A.B. asks: 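One structure follows; several queries about it will come next.
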Amino acid sequence: MAEPKQTYDPATIEPKWQQFWQEHRVFRAVNPGDPGFDPKQPKFYALDMFPYPSAAGLHVGHPEGYTATDIVSRWKRAKGCNVLHPMGWDAFGLPAEQYAIQTNTHPAETTAANVATFKRQLQRLGFSYDWEREISTADPKYFRWTQWIWKQLHQRGLAYESNAPVWWCEALGTVLANDEVINGKSERGDHPCERRPLRQWVLKITDYAERLLSELEPLDWSESLKTMQREWIGKSEGAEIEFEVMDQRPSLFPPERIRVFTTRPDTLFGASFLVLSPEHPLVESITTPGQRSAVRNYQKAAASKSELERTDLAKDKTGVWTGAYAHNPLFAANDPKGRIPVWIADYVIVTYGTGAIMAVPAGDERDFAFARKFSLPIPGIFAPQTGDGPRDARIAAGEECCSDDVPFGAQNQNGSLTIAGLGMAAGKRKVIDWLVAEGRGQAKVTYKLRDWLFSRQRYWGEPFPVLHTQDGVELVPDEQLPVTLPYMEDFKPGGVPESPLIRAVDWVATKDKKGRPAQREINTMPGAAGSSWYFLRFCDPHNEREFCSKAASDYWLPVDLYVGGTEHAVGHLLYSRFWTKVLHDQGLVRAKEPFHKLYNQGMIQAFAYEDARGAVVPKKDTKEQGDDVVHAATGEKLKPIVTKMSKRYGNVVNPDDVVAEYGADTLRLYEMYMGPLADSKPWNPKDVPGVHRFLQRAWRLVVPEFAEKGTVHEWLRQDRACDAEIEKQLHRTIHKVDGDIERMAFNTAIAAMMIFVNEATKAMERLSRGQLRRFAQVLQPFAPHLAEELWERLGGQGLLARAPWPAVDPKLLVDDEVEIAVQVLGKVRGRALVPNGCANDVAIAAARAAVAAHLEGKTVVKEIVVPGKLVNFVVR
RNA sequence: GCCGGAGUGGCGGAAUCGGCAGACGCACAGGUUUCAAAAACCUGCGCCCUCACGGGCGUGCGGGUUCAAGUCCCGCCUCCGGCACCA
């Protein structure tokens with residue numbers, strides 16, 4: 001009969017501890033004013049980007065970031081912090097609704113089911129979330145406050161209705177915001193989009209452009225992410241300049257003025273034509289009869305081109321002359337340089353700047369290409385000294401364009417203004433001053449950032465708290481919030497740019513304050529509405545009087561660590577910053593920025609196999625043959641590549657399968673061990689058992705193989721003195737893990753713990769209970785279930801999840817003796833054992849002895865000592 | 001085209017401030033154990049020359065600075081991400 005074994009079995013210990021933690025409310029965060037709140041404790045807010053609960057369930061990419069924040073949260077608790085580590089659901093929006101349409105089920109139903117799946121999956125992974133703070137953006141108790149915040153924006157004049165052209169996506173049946181459209185196609189689904197004028201709600205994020213830009217600087221975000229936001233905001237400083245249209249009408253009418261934006265007002269001397277975008281409102285009135293049909297044809301052609309075509313043909317310039325001339329204010333009207341033609345061309349974008357430019361072919365590549373193509377004058381304006389003689393000559397002659405900072409030539413003067421000899425900065429200032437004095441322009445700052453298109457023609461979103469009455473827009477009073485969605489059997493988009501809510505006739509028809517008939521707004525808010533403030537609700541999730549008490553947000557904000565993917569670089573992260581600033585301006589939140597430290601995790605990829613033609617062969621059609629992977633049918637040897645996980649390639653890893661086979665602790669540990677959190681790296685199923693073995697070894701340090709030998713090894717039943725060598729090793733491990741968590745280098749922290757376990761295994765019977773308890777403490781953030789089990793078996797006081805971080809004795813981190821490398825001419829030729837902290841001459845003497853053979857017959861001209869590391873002899 | 005980031009053994013990766021390249025894990029090879037296998041444990045494992053001792057080469061490529069370079073500088077190549085006619 002087999003003896004009862006007690007091998008490491010995650011399937012029994014993991015649910016046991018998960019249940020225990022939950023029953024004892026171990027991870028509850030304490031708000032100011034709550035019983036048990038300790039004002040002396042530092043706070044720490046660790047936040048994950050909450051998931052869309054998709055039907056596919058959890059992907060292995062989710063637990064990567066979630067494990068990282070969980071490690072930091074558990075570690076911060078051990079360090080004595082009051083930690084807020086919450087989780088919730090981004091449940092409104094397109095993905096949820098698209099799935100509901102596909103499965104022909106109501107989105108409320110599919111969302112509830114998907115949330116249940118996600119929650120079950122996350123809970124199996126042992127994350128230390130305070131589940132009592134769980135929120136869902138689709139919950140009326142939540143979106144009541146999304147609507148309330150929207151009213152605050154409206155009251156500040158930051159929400160307005162607009163009829164400007166917006167991105168319309170026919171396939172999705174809705175309009176989309178700028179960040180949801182990439183190269184003229186929808187981010188979700190890759191469907192073509194087009195510009196259409198439609199009445200929409202818009203949020204005036206542009207009012208905050210400057211603050212969104214300048215207040216980005218001090219944040220602890222990656223430089224690349226800050227750059228993405230900076231470029232999206234797209235600040236340009238320059239001038240707006242007015243050009244009068246010439247010979248247009250009888251002189252009793254004041255002439256039309258064309259306003260252009262330029263970042264280089266200093267090049268006004270070289271402006272030899274103007275270009276308006278084809279959609280510019282002045283085109284109609286300035287076009288001469290002779291050019292009318294050519295202009296109309298060009299406008300029509302430009303309008304029918306999709307955004308994609310327009311940008312695809314980026315470099316090939318097209319355009320048409322309007323027949324009109326404008327006056328370059330620097331020159332006399334009868335001077336040929338003062339009379340410049342006005343063209344239209346689609347390389348000028350109507351939505352940026354003023355939709356019109358002054359073309360300076362000598363100073364701008366696009367204008368240069370355009371001038372060349374249409375044989376327009378290219379007046380030289382520079383007197384360059386780039387050191388490249390032939391190039392200088394071409395630039396001076398206006399035969400090559402130049403955007404460098406080089407001095408201007410003698411052409412740059414008229415009666416009242418000269419910038420000859422000046423450079424870019426001084427020239428700009430001087431020209432702007434002149435324009436202001438002449439009433440022809442002024443300094444101007446322009447942003448690429450557009451206002452946030454905030455309405456969607458979809459069912460599954462927050463209704464706007466707005467009525468359309470005879471007198472215009474009326475806000476729904478606070479006490480009537482939330483405005484809930486009517487239940488609709490048929491919630492599909494209608495194929496016309498009208499929300500499906502238009503069919504909820506009884507819901508739409510209502511009464512205004514005065515009791516007169518009114519209609520509810522039929523558009524709904526975008527998916528990003530709920531996620532723009534969820535980090536605030538987590539601070540005070542059950543508050544029924546406020547969206548979040550000021551005391552709670554003042555205490556918890558800003559988020560100390562926010563982890564998620566880069567896909568939200570400009571959407572969610574910009575919107576959240578905007579809303580936080582608005583709430584700050586309303587005096588409702590003290591923080592000006594929501595997320596102090598932001599960390600972008602890399603993508604978890606997978607191996608796939610490519611045939612000779614470069615086509616990926618699905619996993620099921622491959623087989624292993626020795627060290628190679630070959631095509632199962634043809635036997636062709638395949639090339640391994642790293643790519644996204646994809647159903648088509650058959651290389652998607654389901655976290656549930658990994659948990660079933662190895663346990664949650666192994667999944668957590670493997671994802672952290674794969675490599676640096678910020679890097680993208682491939683999942684390798686062969687590596688998973690490696691970290692699992694490490695956990696088994698840790699288990700065996702404590703637990704005997706057979707149950708009859710007791711719950712712990714015999715020598716661990718009582719406390720006893722610590723072995724000095726192991727003690728040293730342990731202190732180093734604690735110190736290393738501590739520093740590595742701090743810098744989010746989880747892979748090397750795990751390597752350090754592996755080294756300890758390897759060493760400890762060799763000296764198994766010299767281990768003490770106390771040492772192993774402290775090892776369990778450092779393991780706890782990474783593999784919390786196993787660590788908690790070991791802690792219990794080792795007689796740890798109370799719960800490990802609440803135990804403080806073990807202390808490190810700095811004295812134990814240094815050795816009495818150190819081995820140093822001895823180099824001759826920079827090459828390692830030997831080693832020497834020297835007392836730690838010894839004088840340089842002691843080290844040199846020992847080093848000389850170690851490499852005596854290499855020094856023989858040579859003269860040492862220099863001795864370099866790096867204390868505790870190496871000695872290098874420079875010889876001749 | 002512009003702006004970021006990266007390139008290290010058969011593979012994932014380590015080297016935190018210019019100081020011993022390849023920690024740790026995987027794969028692989030040999031061994032112990034076993035009737036056998038699995039598991040576990042031990043040993044080896046960058047490349048080349050050598051029975052060995054030892055030596056040479058080596059962090060994408062070419063140059064430079066330095067006693068010393070994966071790390072700093074200059075010039076390229078490749079890959080990944082972002083932006084892209086934004087005046």
Side-chain angles (χ1 to χ4, degrees), chain A residues 7 182-183 222-228 230-232 234-236 238 260-264 267 275 277 310-311 313-317 345-349 351-360 363-367 369-370 403 446-448 566 569-570 600 602-603 605 607 627 640 642 670 673-676 678-691 693-694 696-697 700 705 736 739-740 742-743 745 747-755 758 761-762 819-831 861-875:
Chain A
T7 46
I182 294 163
N183 288 334
S222 71
E223 215 31 59
S224 70
L225 204 111
K226 283 188 187 178
T227 303
M228 278 191 231
R230 269 186 224 117
E231 286 177 354
W232 186 260
K235 180 180 181 175
S236 293
V260 307
F261 172 71
T262 177
T263 55
R264 294 293 303 274
T267 62
V275 187
S277 81
R310 250 173 99 154
T311 47
L313 306 166
K315 298 293 173 265
D316 191 23
K317 298 280 179 293
D346 64 5
Y347 82 91
V348 175
I349 295 159
T351 52
Y352 183 75
T354 61
I357 62 153
M358 65 177 203
V360 184
D364 184 283
E365 281 183 33
R366 296 153 299 180
D367 299 343
F370 194 84
S403 49
T446 298
Y447 300 90
K448 280 189 221 172
T566 43
V570 287
N600 287 122
M603 214 191 308
Q605 299 161 307
F607 288 109
D627 291 346
V642 171
Y670 173 64
Y673 189 63
M674 290 172 79
D679 290 3
S680 290
K681 56 242 159 200
W683 182 282
N684 188 350
K686 287 190 171 153
D687 285 337
V688 180
V691 289
R693 276 199 279 270
F694 158 67
Q696 285 175 318
R697 284 156 73 85
R700 287 199 302 264
E705 188 180 0
K736 172 74 175 154
D740 282 352
E742 178 84 57
R743 65 188 182 104
N747 53 334
T748 50
I750 294 165
M753 290 189 281
M754 286 175 167
I755 292 169
N758 291 345
T761 300
K762 287 180 199 159
E819 194 185 59
I820 60 170
V822 184
Q823 299 180 332
V824 177
L825 285 172
K827 285 198 193 317
V828 180
R829 296 297 180 184
R831 328 197 139 263
V861 290
K862 202 171 175 188
E863 294 154 334
I864 290 129
V865 180
V866 182
K869 292 244 167 93
L870 61 76
V871 173
N872 187 12
F873 294 110
V874 184
V875 297

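From a predicted model like this one, the values you see are computed outputs, not experimental measurements. Within every chain, numbering begins at 1; the chains are lettered A, B, ... in the order of the sequence lines, protein sequences first and strands thereafter.
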A.B. asks: Under a 3.5 Å cut-off for both contacts, is B:rG1 paired Watson-Crick or G-U wobble with anything, and if yes, with which nucleotide?
C.D. replies: B:rC83

A.B. asks: Could you check whether A:Arg829 gets within reach of a base, just the sugar-phosphate, or nothing at all, counting any heavy atom under 4.0 Å?
C.D. replies: sugar-phosphate

A.B. asks: Assign A:Glu819 to base, sugar-phosphate, or nothing according to its heavy-atom contacts below 4.0 angstrom with the strands shown.
C.D. replies: base

A.B. asks: Can you name the side-chain hydrogen bond (donor to acceptor under 3.5 Å, both in side chains) partners of A:Thr748, sequence neighbours left out?
C.D. replies: A:Asp740

A.B. asks: Measure CG/A:Leu225 against P/B:rC3 and give the value in whole Å, please.
C.D. replies: 19 Å

A.B. asks: A:Asp687: what forms a salt bridge (charged side-chain N to carboxylate O under 4.0 Å, His left out) with it, not counting sequence neighbours?
C.D. replies: none

A.B. asks: Starting at atom CZ of A:Phe261, determine the distance to atom P of B:rA87, rounded to an integer number of angstrom.
C.D. replies: 6 Å

A.B. asks: Can you tell me how far P of B:rG81 sits from CD of A:Gln605, to the nearest Å?
C.D. replies: 9 Å

A.B. asks: Counting N and O atoms only, with roles assigned by atom type, does the side chain of A:Asp679 sit under 3.5 Å from a partner on the main chain of A:Gly602, one being a donor and the other an acceptor?
C.D. replies: no

A.B. asks: Confirm from the modelled atom types if A:Lys317 and B:rC85 form a donor-acceptor pair under 3.5 Å, side chain to base only.
C.D. replies: yes

A.B. asks: Now, which nucleotide makes the Watson-Crick or G-U wobble pair with B:rG7, with each of the two distances under 3.5 Å?
C.D. replies: B:rC77

A.B. asks: For a 4.5 angstrom cut-off between non-hydrogen side-chain atoms, does A:Glu231 reach A:Val570?
C.D. replies: no

A.B. asks: Measuring only the C1' atom in each nucleotide, how far is B:rU34 from B:rG22? A whole number of Å is fine.
C.D. replies: 36 Å

A.B. asks: With sugar-phosphate meaning primed atoms plus P, OP1 and OP2, does A:Asn872 contact a base, only sugar-phosphate, or nothing at under 4.0 Å between heavy atoms?
C.D. replies: base

A.B. asks: In whole angstrom, give the distance that lies between atom OH of A:Tyr347 and atom P of B:rC85.
C.D. replies: 13 Å

A.B. asks: Counting only pairs under 3.5 Å, give me each side-chain donor-acceptor contact of residues 862-870 of chain A, with atom names and distances, residues two or more places apart or in other chains.
C.D. replies:
| from | atom 1 | to | atom 2 | distance (Å) |
| --- | --- | --- | --- | --- |
| A:Glu863 | OE2 | A:Arg848 | NH2 | 3.1 |

A.B. asks: Can a side chain N or O of A:Arg700 be found less than 4.0 Å away from OP1 or OP2 on B:rC41?
C.D. replies: yes

A.B. asks: Does A:Thr566 reach the main-chain N or O of A:Ala569 with its side chain, forming a donor-acceptor pair under 3.5 Å?
C.D. replies: no

A.B. asks: Looking at the angle O4'-C1'-N9-C4 for a purine or O4'-C1'-N1-C2 for a pyrimidine, is B:rC17 syn or anti, with syn meaning within 90° of 0?
C.D. replies: syn

A.B. asks: Could you let me know what B:rC20 is paired to, Watson-Crick or G-U wobble, both distances under 3.5 Å, or none if it's on its own?
C.D. replies: none

A.B. asks: Using side chain to side chain donor-acceptor pair (under 3.5 Å), reason through A:Asn684 and A:Tyr670 one step at a time and then give a plain yes or no.
C.D. replies: CA-CA 10 Å; A:Asn684 188 350; A:Tyr670 173 64; over 6 Å; no

A.B. asks: For B:rC51, give its Watson-Crick or G-U wobble partner with both distances under 3.5 Å, or none.
C.D. replies: none

A.B. asks: Give the B/S/- string for nucleotides 9-16 of chain B, one per nucleotide from 5' to 3', where a protein heavy atom under 4.0 Å of the base yields B, of only the sugar-phosphate yields S, and otherwise -.
C.D. replies: --SBSSSB

A.B. asks: Mapping A:Arg697 and A:Val828 to their closest nucleotides on RNA chain B, which lands nearer the 5' end?
C.D. replies: A:Val828

A.B. asks: Can you tell me the distance, in whole Å, between the CG atom of A:Leu870 and the P atom of B:rC20?
C.D. replies: 7 Å

A.B. asks: Is B:rU32 paired to anything, Watson-Crick or G-U wobble with both distances less than 3.5 Å, and if yes, which nucleotide?
C.D. replies: B:rA40

A.B. asks: If you measure from the P atom in B:rC3 to the same atom in B:rC74, how many Å do you get, rounded?
C.D. replies: 14 Å

A.B. asks: Between B:rA84 atom C1' and A:Glu365 atom CD, what is the distance in whole Å?
C.D. replies: 13 Å

A.B. asks: Toward the 5' end of RNA chain B, which comes first, A:Gly234 or A:Ala751, by nearest nucleotide?
C.D. replies: A:Ala751

A.B. asks: In Watson-Crick or G-U wobble terms, both distances under 3.5 Å, what is the partner of B:rU65?
C.D. replies: none

A.B. asks: Applying the Watson-Crick and G-U wobble criteria at under 3.5 Å, what pairs with B:rC45? Answer none if nothing qualifies.
C.D. replies: none

A.B. asks: On a whole-Å scale, what distance lies between the C1' atoms belonging to B:rA69 and B:rU8?
C.D. replies: 14 Å

A.B. asks: Classify A:Ile755 by what it touches in the nucleic acid, base, sugar-phosphate, or nothing, heavy-atom distance under 4.0 Å.
C.D. replies: sugar-phosphate

A.B. asks: State which residues pass side-chain hydrogen bond (donor to acceptor under 3.5 Å, both in side chains) with A:Arg693; sequence neighbours excluded, sorted by chain then number.
C.D. replies: none

A.B. asks: For the side chain of A:Thr227, starting at C-beta, report the closest nucleotide among B:rG19, B:rC85, B:rC3.
C.D. replies: B:rC3

A.B. asks: Under 4.0 Å between a side-chain N/O of A:Asn758 and OP1 or OP2 of B:rG25, yes or no?
C.D. replies: yes

A.B. asks: So, is B:rG62 syn or anti if syn means the angle is within 90° of 0?
C.D. replies: anti

A.B. asks: Can you tell which of B:rC85, B:rC57, B:rC24 lies closest to the side chain of A:Lys827?
C.D. replies: B:rC57

A.B. asks: Return no unless some side-chain N or O of A:Arg693 is found under 4.0 Å from OP1 or OP2 of B:rA39.
C.D. replies: no

A.B. asks: Which residues pass the ring-ring contact (aromatic ring centres under 6.0 Å, His included) test with A:Trp232, not counting sequence neighbours?
C.D. replies: none

A.B. asks: Using the C1' atom as the reference point in each nucleotide, state the distance between B:rA29 and B:rC35 in Å, no decimals.
C.D. replies: 25 Å

A.B. asks: Whole Å only: how far is the CE atom of A:Met228 from the P atom of B:rC83?
C.D. replies: 7 Å

A.B. asks: Counting distance only, does the side-chain N/O of A:Lys681 pair as donor-acceptor with the main-chain N or O of A:Pro676 below 3.5 Å?
C.D. replies: yes

A.B. asks: Give one of base, sugar-phosphate or nothing for A:Gln823, where a contact means two heavy atoms less than 4.0 Å apart.
C.D. replies: base

A.B. asks: With heavy atoms under 4.0 Å as the rule, sort A:Arg831 into base, sugar-phosphate or nothing.
C.D. replies: base

